[in-house]
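Notes follow once the structure below has been shown.
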Amino acid sequence: MKMLKAVLQPLVAQALSDLGGDASNLSSMLQASREWDQGDITLPCFPFAKMLGKAPAAIAEDLAKALSSHEAIGEVHAVNGYLNIKAAPAWLATNLLNPSNSHNAEIRTVLIEHTSANPNGPFHVGRARNAILGDTLVRLHRLHGNHVTAEYYVDDMGKQVAVLAWALQHLDATRVEELLSEREPINPAWDGKADHERVRWYQAAQILRQEAEGAQEIEDAISTLVHASENGDVDVLNSFEAAYQPVLDGMLTTLGRLGIHFNRFTKESEFVTNGDVSRLMDELGQLKINGIADNGANFLDLGARGLKGKTEFFYRRGDGSSLYATRDIAYHLWKWKQCNDLINVLGEDHKLQAKQVGMTLNELGERSPEVVFYSFIKLPEGKMSTRQGNVVFMDDLLEEAQAQAAAVVKELRPNYDAETIQTISEAVGTSAVRFNIIKVSPEKGFTFRWEDALTFEGGSAPFVMYSHTRACSIARKVEELSGDVPSFTPQHLQSETVMNEGMIGLLRCLAVHQDRLEKAVSEHRPHLFAGHLLQLANAYNGFYRDCHIIDEGVVNPFYFHVSELARTFLREGMEGVGIVPLETM
RNA sequence: GGGCGUGUAGCACAGCUGGAUAAUGCACCGGCCUCCUAAGCCGGAGAUCGCGGGUUCGAAUCCUGCCACGCCCGCCA
């Protein structure tokens with residue numbers, strides 16, 4: 001409703017100063033109405049009471065009378081000290097349907113790093129929250145018009161890949177299955193998918209590392225590998241890559257099914273081998289807050305910069321090698337060279353680390369990135385843990401979602417052929433899974449429940465998808481019936497003396513579409529836009545109920561143009577949150 | 001022990017830069033397919049906004065104390 005506010009503010013300011021009030025803070029006081037029924041824009045009049053020596057209710061009444069008329073203003077009501085203003089539906093329609101209202105927001109170059117999971121095993125639902133959140137941010141920024149690079153930071157040199165590489169070199173399939181005999185066997189559906197296969201090697205190695213016998217030798221061997229990788233040993237790094245790349249490919253296959261893709265993969269080891277990390281450590285050593293431990297390890301005293309709790313941030317070990325966070329800082333310095341805005345999506349367990357990295361960047365005269373943190377997904381039985389078998393793999397969830405969706409399609413549309421059912425159920429299943437996760441705010445601890453993920457009713461992706469297919473169906477029918485409908489002109493509105501509830505509801509919802517997108521993007525809160533999409537779909541359904549676009553074979557051009565605008569907003573919005581915009585379902 | 005976060009109807013969740021009768025979905029009760037796709041629409045019922053204080057004309061929202069849960073507090077990643 002920014003467009004309405006822009007028109008109203010000068011008018012309200014005039015009315016207010018005519019009454020002797022101070023209009024200087026008006027912009028922040030004139031707000032979108034909390035109560036959707038009451039109006040589009042509201043001015044609470046309580047703060048003026050003292051200034052004007054009048055009751056708020058009376059001030060609201062006076063303002064309502066003093067407000068000059070304008071084509072944008074539909075209704076003005078003074079209620080309990082609030083001045084409520086509703087936009088004129090015809091004005092809304094004209095503004096929405098005229099393509100002239102192009103918003104020219106500044107285009108930013110944005111680098112979004114997300115997921116970056118260790119390539120040692122398949123995604124479970126918990127780890128996938130990062131990818132779904134991150135990819136939705138990528139999509140929403142693009143919808144907003146920004147240039148976005150979606151980036152995966154590949155941890156190709158840590159202990160986890162070292163363990164995987166060691167296991168693949170020292171164990172065979174028989175030994176692995178022997179060690180994992182008490183665990184559930186691999187789901188036969190994922191035989192041949194490297195993330196599911198190789199994680200068993202990793203798990204077997206983890207078991208061996210726990211055992212008393214021989215554990216020390218394994219530990220030494222792994223440790224040697226880790227150190228070699230940290231020193232940029234090319235052979236070791238190559239062996240690591242050979243170990244993890246098929247796993248990563250498998251993980252990316254899963255994400256691809258969810259419509260998640262990356263523009264670039266950047267390997268952690270790059271910053272070691274190209275010398276950035278050692279140059280960085282030298283630079284950090286020059287800082288005032290640098291400190292040196294007894295064994296020669298280096299740290300920054302971030303307590304001196306206000307960090308509470310643990311104040312020493314170690315960036316160099318006693319043996320001179322770097323730490324994960326050090327490499328992350330080098331990575332950030334590199335990332336900053338190529339964008340205006342930097343966004344990272346991280347689990348809540350990385351909060352302290354991110355704080356340390358951000359403060360160090362500031363110390364070097366660089367900006368901190370924006371970080372979107374999310375809480376972990378739990379299962380009703382408790383924490384997700386691979387070791388206890390308390391885990392839901394994304395691959396399994398997607399299979400199940402698709403199967404459930406297929407069952408629904410078969411029941412609802414018995415005449416559809418197998419291929420159509422497959423297409424629809426795949427789209428419905430994956431969209432439902434994404435939306436189920438994206439619609440809740442990231443900081444909320446999320447409990448995964450099969451019945452919620454597989455709900456295809458109100459509040460879900462299929463609900464939005466269904467409204468969109470209705471709009472598509474109408475567009476197809478209109479096309480068959482009358483070919484091209486002439487583009488919108490204000491004359492189309494002249495027969496609309498009174499607009500019905502469904503039409504007004506949809507116009508109002510369309511009017512806030514851009515505002516909602518902008519807010520979700522600027523605050524990095526995709527769930528706000530997900531909520532708006534549900535509202536938009538709901539508003540479209542009300543419009544569909546009240547406004548028959550085709551009546552006795554005749555197309556109402558005004559209704560049709562509104563429907564088409566809603567269809568466009570729905571489609572773009574769905575793509576923005578990763579819902580597949582099917583045209584039939 | 002310290003830091004950060006969460007706590008809203010039976011369940012899940014929105015609202016948190018202070019504003020009205022706390023929004024939505026599921027589940028529950030009742031209605032709507034001779035009419036553009038009923039994965040829909042309409043109506044009903046259901047909330048001491050964790051608990052106690054405080055600031056304010058006004059608090060789910062801000063401050064403070066307490067309680068519960070989660071995450072973190074490695075020269076790991």
Side-chain angles (χ1 to χ4, degrees), chain A residues 28-29 31 33-38 42 44-47 49-50 55-56 79-82 84 118 155 157-162 226 268 293 295-299 307-312 314-319 321-325 327-328 347-353 355 373 375-376 378 383 405 408-409 411-413 428 432 436 439-441 443-447 449 451-452 455-467 469-478 481 502 527-528 530-531 534-535 537-538 541-542 544-552 555 559 563 584-585:
Chain A
S28 62
M29 293 168 65
Q31 54 199 254
S33 308
R34 292 277 164 144
E35 305 291 320
W36 185 253
D37 294 341
Q38 295 286 358
T42 290
C45 297
F46 306 94
K50 236 171 227 169
V79 184
N80 300 332
Y82 294 89
N84 293 324
N118 276 307
D155 188 350
M157 56 182 300
K159 192 166 265 180
Q160 301 205 25
V161 271
V226 170
E268 187 181 346
N295 69 347
N298 289 59
F299 62 88
L307 185 67
K308 293 178 197 158
K310 174 161 172 72
T311 57
E312 291 177 352
F314 280 89
Y315 65 88
R316 174 153 41 193
R317 292 197 186 95
D319 66 4
S321 62
S322 64
L323 288 115
Y324 176 82
R327 288 167 237 140
D328 201 23
E348 60 179 340
D349 54 338
H350 282 68
K351 276 186 181 177
L352 175 59
Q353 165 106 19
K355 183 85 188 158
F373 293 105
S375 291
F376 296 119
K378 308 180 285 278
K383 236 163 118 172
V408 173
V409 180
E411 194 189 326
L412 260 30
R413 315 275 184 258
V428 166
N436 182 240
K439 73 175 179 179
V440 327
S441 50
E443 67 274 14
K444 187 88 78 177
F446 183 98
T447 303
R449 286 185 179 79
E451 58 270 36
D452 292 341
T455 288
F456 304 144
E457 297 171 333
S460 73
F463 174 82
V464 180
M465 296 167 84
Y466 187 70
S467 297
T469 60
R470 279 178 151 174
C472 290
S473 168
I474 287 168
R476 280 193 301 270
K477 283 226 157 57
V478 169
L481 216 63
H527 73 282
L528 297 179
L534 288 172
Q535 204 185 327
N538 187 252
N541 289 337
Y544 178 87
R545 176 195 68 219
D546 289 345
C547 300
H548 284 237
I549 291 149
I550 303 166
D551 194 21
E552 316 231 325
V555 177
Y559 287 1
S563 177
T584 314
M585 65 186 276

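Each chain gets a letter, A, B and so on, in the order its sequence line appears, and its residues count up from 1. All values below come from the heavy atoms of this structure, side chains included, with hydrogens, waters and symmetry mates left out.
- Distances shown here put a side-chain N or O of A/K444 below 4.0 Å from the OP1 or OP2 atom of B/G7.
- Of the candidates B/G40, B/G5, B/A20, the closest approach to any side-chain atom of A/E443 belongs to B/G5.
- Residue A/V478 is classed as having no contact, given no heavy-atom separation below 4.0 Å to the nucleic acid.
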Pairwise N/O distances under 3.5 Å, protein to nucleotides 57-59 of chain B:
none

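- The backbone N or O of A/N541 lies less than 3.5 Å from no partner atom in the side chain of A/R470, so there is not a single donor-acceptor pair.
- The two residues A/A537 and A/F463 have their closest heavy-atom pair at CB-CE2, 3.7 Å.
- Dashed line: the shortest gap from a side-chain N or O of A/R317 to OP1 or OP2 of B/A77 is under 4.0 Å.
- Counting any heavy atom pair closer than 4.0 Å across all strands shown, A/L528 reaches sugar-phosphate atoms only and no base atom.
- Between the side chain of A/N295 and the base of B/C75 there is at least one donor-acceptor pair of N/O atoms closer than 3.5 Å.
- Of the possible donor and acceptor atoms, none in the side chain of A/Q353 sits under 3.5 Å from a partner among the backbone N and O of A/K351.
- B/C33 adopts a syn glycosidic conformation, its chi angle falling within 90° of 0.
- Computed from coordinates, the A/R34 CZ to B/G18 P distance equals 9 Å when rounded to whole Å.
- Within 4.0 Å (heavy atoms only), A/T584 reaches at least one base atom of the nucleic acid.
- Residue contacts for A/G458: at a heavy-atom cut-off of 4.0 Å it reaches the sugar-phosphate backbone alone, with no base atom in range.
- Side-chain proximity of A/V440 to B/C13, B/G5, B/G70: nearest is B/C13.
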Each base of RNA chain B marked ( ) or [ ] if paired in-strand (Watson-Crick or G-U under 3.5 Å), | if paired to another strand and . if unpaired gives (((((((..(((......[....))).(((((.......))))).....(((((..]....))))))))))))....

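- Using a 4.0 Å heavy-atom criterion, one finds that A/A49 contacts no nucleic acid atom at all.
- Sparse packing is recorded around NZ of A/K355, with 12 or fewer heavy atoms of other residues, nucleotides or ligands lying under 6.0 Å away.
- Listed pair A/R327 / B/A77 meets the phosphate criterion, a side-chain N or O lying under 4.0 Å from OP1 or OP2.
- Using a 4.0 Å heavy-atom distance criterion, A/Q353 is classed as a base contact.
- Closest approach of A/L323 and A/R316 over heavy atoms only: CD1-N, 3.6 Å.
- Using a 4.0 Å heavy-atom criterion, one finds that A/N541 contacts the sugar-phosphate atoms exclusively.
- In this model, the phosphate group of B/C26 is not approached by any side-chain N or O of A/R449 to a distance below 4.0 Å at OP1 or OP2.
- In this structure, A/S473 contributes its side chain and A/T469 its backbone to no donor-acceptor pair below 3.5 Å.
- No engagement by A/M465 is indicated, since no non-hydrogen atom pair under 4.0 Å with the nucleic acid exists.
- Residue A/F463 is in sugar-phosphate contact alone, with no base atom involved, counting any heavy-atom pair closer than 4.0 Å across all strands shown.
- Taking OG1 of A/T447 as the reference point, atom NZ of A/K378 lies at 4.0 Å (rounded to 0.5 Å).
- In terms of heavy atoms, A/D546 sits closest to A/G502 at OD2-N, 2.7 Å.
- Heavy-atom nearest nucleotides on RNA chain B were determined for A/V409 and for A/S33, and the one closer to the 5' end corresponds to A/S33.
- The gap from the C1' atom of B/G31 to that of B/A45 amounts to 15 Å, rounded to the nearest Å.
- Residue A/N118 is classed as a sugar-phosphate contact, given heavy-atom separations below 4.0 Å to backbone atoms only.
- Across all strands, A/R316 comes closer than 4.0 Å to no nucleic acid atom at all (heavy-atom distances).
- Heavy atoms of other residues, nucleotides or ligands lying less than 6.0 angstrom from CD of A/E411 number 12 at most.
- Within the 4.0 angstrom heavy-atom criterion, base atoms lie near A/T42.
- Contact check, A/N538 against B/C41: a side-chain N or O comes under 4.0 Å of OP1 or OP2.
- For A/H527 and B/G15, the shortest distance from a side-chain N or O to OP1 or OP2 is below 4.0 Å.
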Can you pull every protein N or O that's under 3.5 Å from an N or O on nucleotides 32-36 of chain B?
{"unit_1": "B/C36", "atom_1": "O3'", "unit_2": "A/K477", "atom_2": "NZ", "d": "3.4"}
{"unit_1": "B/C36", "atom_1": "O2", "unit_2": "A/I550", "atom_2": "N", "d": "3.3"}
{"unit_1": "B/C36", "atom_1": "N3", "unit_2": "A/I549", "atom_2": "N", "d": "3.3"}
{"unit_1": "B/C36", "atom_1": "N4", "unit_2": "A/Y544", "atom_2": "O", "d": "2.3"}
{"unit_1": "B/C36", "atom_1": "N4", "unit_2": "A/C547", "atom_2": "O", "d": "2.9"}

